[in-house]
Asks: 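Pasting in a structure now, in structure tokens, and then I'll have a few things to ask.
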Number of protein chains: 4
Amino acid sequence: MAGTRREPDAGVGKRGRPRSEQSHIAVLRATSELLHEVGLRAMTTEEIGARSGVSKATIYKWWPNKYAVAAEAFLSEMMAEWPDPDTGSATTDLLLALRGLTAFYSGANGRVFAELIGEAPFDLTVRTELHKNLVLAHRDVIKRVWARGVATGEFRPDIDPDDAIDLLIGPLLYRRLLGHPHLDGASADTLVEITMLGLSAAK
Amino acid sequence: MAGTRREPDAGVGKRGRPRSEQSHIAVLRATSELLHEVGLRAMTTEEIGARSGVSKATIYKWWPNKYAVAAEAFLSEMMAEWPDPDTGSATTDLLLALRGLTAFYSGANGRVFAELIGEAPFDLTVRTELHKNLVLAHRDVIKRVWARGVATGEFRPDIDPDDAIDLLIGPLLYRRLLGHPHLDGASADTLVEITMLGLSAAK
Amino acid sequence: MAGTRREPDAGVGKRGRPRSEQSHIAVLRATSELLHEVGLRAMTTEEIGARSGVSKATIYKWWPNKYAVAAEAFLSEMMAEWPDPDTGSATTDLLLALRGLTAFYSGANGRVFAELIGEAPFDLTVRTELHKNLVLAHRDVIKRVWARGVATGEFRPDIDPDDAIDLLIGPLLYRRLLGHPHLDGASADTLVEITMLGLSAAK
Amino acid sequence: MAGTRREPDAGVGKRGRPRSEQSHIAVLRATSELLHEVGLRAMTTEEIGARSGVSKATIYKWWPNKYAVAAEAFLSEMMAEWPDPDTGSATTDLLLALRGLTAFYSGANGRVFAELIGEAPFDLTVRTELHKNLVLAHRDVIKRVWARGVATGEFRPDIDPDDAIDLLIGPLLYRRLLGHPHLDGASADTLVEITMLGLSAAK
DNA sequence: CGCTAACCGAGACGGTACGTCCAGTCTTGCT
DNA sequence: AGCAAGACTGGACGTACCGTCTCGGTTAGCG
């Protein structure tokens with residue numbers, strides 16, 4: 001994947017000892033473990049090194065700080081985990097997709113996710129990684145479902161899809177960060193259903 | 001206000017020199033300045049002390065750590081700043097209230113707010129302060145408007161008001177934290193309007 | 001003593017917690033031990049801290065680096081260790097003083113001394129400390145003896161005392177650093193005697 | 001020359017590419033430059049490699065560490081630089097030889113020399129190199145002059161030549177390392193003259 | 001009106017992680 | 001083989017900040 005980590009020289013050809021992919025993976029795995037065991041802030045670069053058997057110098061060679069490592073470690077795990085349900089009914093698909101998101105938010109990964117969001121305002125790397133590799137992935141699934149729903153006439157065609165997505169995901173994130181953090185599928189369903197019908201009493 | 005800061009002994013009687021209210025205020029003011037100038041993380045307790053002329057020991061006597069100071073400093077500023085518009089039309093009021101929230105999110109205070117949200121997962125004090133003194137204030141305004149709208153028949157009476165609030169605020173927070181951070185009133189209006197009408201094409 | 005270590009503020013009066021003299025002493029003692037056990041280069045600041053129970057931060061607060069600590073630790077031990085023999089005969093006194101110096105050079109402290117001399121070209125603090133607190137002490141003893149010898153008519157009165165001192169100490173240092181490092185009293189005596197009589201065959 | 005650097009395999013035969021003499025010279029030249037520009041300690045192996053176009057691995061193949069490289073680089077420059085004056089008068093010759101030594105000590109090379117002496121206690125290679133290739137060279141010149149002076153009756157025949165040499169060189173080194181480091185020819189002359197006549201007032 | 005508890009500013013301290021630096025070793029592919 | 005390029009381990013370095021701890025001095029309000 002990459003993007004977080006500093007790119008190799010990539011100059012003339014392939015001179016010099018190549019980067020050890022094994023070390024790379026060991027670092028990501030160790031970091032991932034630590035993220036779940038002790039959390040983003042309590043985790044130290046030293047400990048990542050010790051657990052992965054990779055020296056601190058090497059870690060700092062490829063990542064600017066532990067947050068960048070964490071972002072890559074966490075997000076590389078998340079990749080390709082967001083299947084599009086495609087049941088035939090766009091409405092059902094939407095429900096399923098958002099239930100999936102809810103499960104993510106309320107699970108162990110959701111805690112790490114919240115910690116990374118907290119780091120984002122202070123760290124550009126985390127911010128861009130998070131956006132590129134997770135936020136967009138979430139949105140893409142919904143965007144596809146949305147397109148199908150518009151095609152089938154289930155969803156309003158006059159709405160900017162990005163607005164629709166914000167309306168669907170936003171409430172879940174809000175609950176995760178500022179409300180009752182233990183979401184369940186049922187409450188997700190309720191929120192989606194209301195969003196579909198609207199708040200207005202007007203017919 | 002408070003609750004964040006440690007309460008004075010208050011038990012034995014009232015002997016001895018009382019807490020200096022002047023120091024208290026100076027700390028909050030200095031902290032508030034620093035929050036805007038350098039941000040939550042970069043700000044140090046040392047610097048708060050230096051700028052306010054209050055010693056570090058005194059700061060730690062009254063607050064558990066710099067995040068608690070920050071929370072109190074920030075939130076005491078925010079108090080009583082959320083007027084209920086009450087124009088007669090609940091729909092208009094809702095629009096106005098959410099525009100106000102949008103302005104807050106996208107302004108200088110919004111940045112500090114985002115930083116505090118980032119601290120919340122790691123710090124119970126921040127979490128509860130934030131909730132008690134800001135989140136609930138935001139919700140209360142909307143809750144009142146909502147009640148009026150239900151009474152006037154503008155809003156659906158069959159929805160849990162808390163769900164409605166989540167649906168209205170959530171998308172704004174989502175944009176603030178993970179999307180285009182420069183929200184404007186117009187896009188807030190759009191989101192609210194769509195939320196009112198719903199996403200479904202069904203009549 | 002001091003001079004090596006950074007001086008306290010010494011400003012208005014005596015505000016603030018005073019420097020812990022206990023920590024100061026513990027650091028010097030630990031350093032002194034380490035100097036003899038592992039030598040100047042192999043000794044680490046970390047280890048000084050661990051052994052003395054003083055934190056690294058505190059050490060760096062008072063000394064710029066481990067070499068300055070070593071200089072102070074070593075030299076504070078050496079202080080007031082250079083008694084003037086004063087037997088009545090200046091010639092005898094000279095012999096005794098230079099035997100003492102030889103013993104110092106060839107003993108355990110001589111090794112540390114040589115290591116510090118090696119650091120001097122790279123470190124101003126070490127250089128000045130060494131000069132102020134050891135070199136001058138050595139020279140002073142001899143200078144006093146020299147004055148007596150001139151008064152008694154034993155030594156040539158037409159020689160700059162500093163030249164005389166250089167001629168007497170120089171060969172010992174040379175042997176210590178570049179020749180056979182295990183000097184003994186007898187060879188010191190020989191060198192001094194020759195220096196007294198001169199190399200020239202001319203009467 | 002050498003002895004410092006590891007000898008090539010030379011056992012099995014002469015298979016494979018022979019050692020590049022060009023690299024060898026480039027390393028020594030680069031090291032020599034760095035020794036004068038930044039000094040022994042500040043100079044890094046990395047930089048020697050970069051400047052000479054020789055890889056670090058190659059350097060470590062032929063020398064045990066940077067101090068050994070420095071010793072060879074410095075000393076190979078010094079070789080055959082110590083001409084015996086031989087004017088006819090041994091006394092004059094002695095003066096000239098020691099003026100030469102003084103000039104060396106007080107010049108740019110003297111600084112490097114002092115730095116190498118500082119390394120000697122920690123590094124056997126440096127120690128032996130220094131002794132073999134510089135100290136002995138210095139002493140040899142004087143030793144030859146001394147022999148002539150004894151033969152001509154100018155110098156005392158009852159003194160161990162090595163003692164005489166120590167007495168003559170020692171004071172210069174002492175001044176270089178622990179006293180006023182800017183020696184000049186005149187002060188060297190003074191020291192030698194006093195050494196010749198002796199310090200004693202006795203006839 | 002003086003005593004005394006509690007406050008407060010200054011600043012030293014232990015602890016802990018940080019990110020950097022360099023030595024010395026190892027692994028590629030080119031020559 | 002020798003060698004340049006350059007990744008890697010190991011470990012010390014010096015810095016920064018947190019939260020705690022003395023000091024000496026100050027300031028109410030009880031007695």
Side-chain angles (χ1 to χ4, degrees), chain A residues 8-9 11-20 23 41-47 49 53-62 64-66, chain B residues 8-9 12-20 22-23 41-47 49-50 52-62 64-66, chain C residues 8-9 11-20 22-23 41-47 49 53-62 64-66, chain D residues 8-9 12-20 23 41-47 49-50 53-62 64-67:
Chain A
D9 201 320
V12 193
K14 295 216 153 214
R15 291 196 299 189
R17 179 177 175 176
R19 175 175 184 182
S20 159
S23 290
R41 289 289 246 299
M43 171 185 84
T44 71
T45 319
E46 199 93 39
E47 177 71 15
V54 170
S55 82
K56 214 170 30 144
T58 301
I59 296 175
Y60 279 108
K61 163 147 210 185
W62 297 109
N65 53 49
K66 72 170 175 177
Chain B
D9 203 321
V12 198
K14 295 220 156 206
R15 296 215 300 193
R17 181 175 172 179
R19 172 176 185 183
S20 158
Q22 187 183 322
S23 289
R41 287 289 247 296
M43 171 185 84
T44 70
T45 320
E46 199 90 38
E47 210 174 347
S52 62
V54 170
S55 81
K56 235 186 342 164
T58 302
I59 296 175
Y60 278 107
K61 164 144 208 189
W62 298 109
N65 54 49
K66 74 167 176 177
Chain C
D9 202 320
V12 193
K14 296 212 150 216
R15 292 196 299 189
R17 178 176 177 174
R19 176 174 184 183
S20 159
Q22 186 182 321
S23 290
R41 290 289 248 296
M43 172 185 83
T44 71
T45 318
E46 200 92 38
E47 178 70 15
V54 170
S55 83
K56 213 171 29 144
T58 300
I59 296 175
Y60 278 109
K61 163 147 208 185
W62 297 109
N65 53 50
K66 71 171 175 176
Chain D
D9 203 322
V12 197
K14 295 224 155 203
R15 296 211 302 190
R17 182 174 171 181
R19 172 174 186 184
S20 158
S23 290
R41 287 287 247 297
M43 169 185 85
T44 70
T45 319
E46 200 89 40
E47 211 175 345
V54 170
S55 82
K56 235 185 344 163
T58 301
I59 296 174
Y60 278 106
K61 163 145 209 188
W62 297 109
N65 55 48
K66 75 167 174 176
Y67 298 108

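The sequence lines fix the lettering, A, B, ..., with proteins before strands; numbering per chain opens at 1.
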Asks: Determine the contact category for B:G53: base if any of its heavy atoms lies under 4.0 Å from a base atom, sugar-phosphate if only primed atoms, P, OP1 or OP2 are that close, otherwise nothing.
Replies: sugar-phosphate

Asks: Grab the CD-P distance between D:E46 and F:dG6 for me, whole Å please.
Replies: 11 Å

Asks: Round to the nearest Å and state the distance from C:K56 atom NZ to E:dA17 atom C1'.
Replies: 10 Å

Asks: When you measure from the side-chain N and O atoms of C:K66 to the phosphate of F:dC13, is any distance below 4.0 Å, counting only OP1 and OP2?
Replies: yes

Asks: Just by distance, do the side chain of D:K56 and the backbone of D:A50 share a donor-acceptor pair under 3.5 Å?
Replies: no

Asks: I'd like a list of close polar pairs between nucleotides 24-28 of chain F and the protein, N/O only, cut-off under 3.5 Å.
Replies:
unit_1 : atom_1 : unit_2 : atom_2 : d
F:dT26 : O2     : B:R17  : NH1    : 2.6
F:dT27 : O4'    : B:R17  : NH1    : 3.4

Asks: Can a side chain N or O of B:T58 be found less than 4.0 Å away from OP1 or OP2 on E:dG9?
Replies: yes

Asks: Taking for each residue the nucleotide of DNA chain E bearing the nearest heavy atom, is the 5' side occupied by A:A57 or by B:A57?
Replies: B:A57

Asks: Given atom CZ of C:R41 and atom P of F:dG11, what is their separation to the nearest angstrom?
Replies: 19 Å

Asks: Has C:T45 got a side-chain N or O lying under 4.0 Å from the OP1 or OP2 atom of F:dC13?
Replies: yes

Asks: Between NZ of D:K61 and CD1 of D:I59, what distance do you get to the nearest 0.5 Å?
Replies: 14.0 Å

Asks: With a 4.0 Å limit, can you tell me whether D:K61 has a side-chain N or O closer than that to the phosphate oxygens OP1/OP2 of F:dG2?
Replies: yes

Asks: Look at the side-chain N and O atoms of B:S20 and state whether any lies under 4.0 Å from the OP1 or OP2 oxygen of E:dC7.
Replies: no

Asks: Taking only side-chain N and O atoms of D:Y60, does any of them lie within less than 4.0 angstrom of OP1 or OP2 on E:dT25?
Replies: no

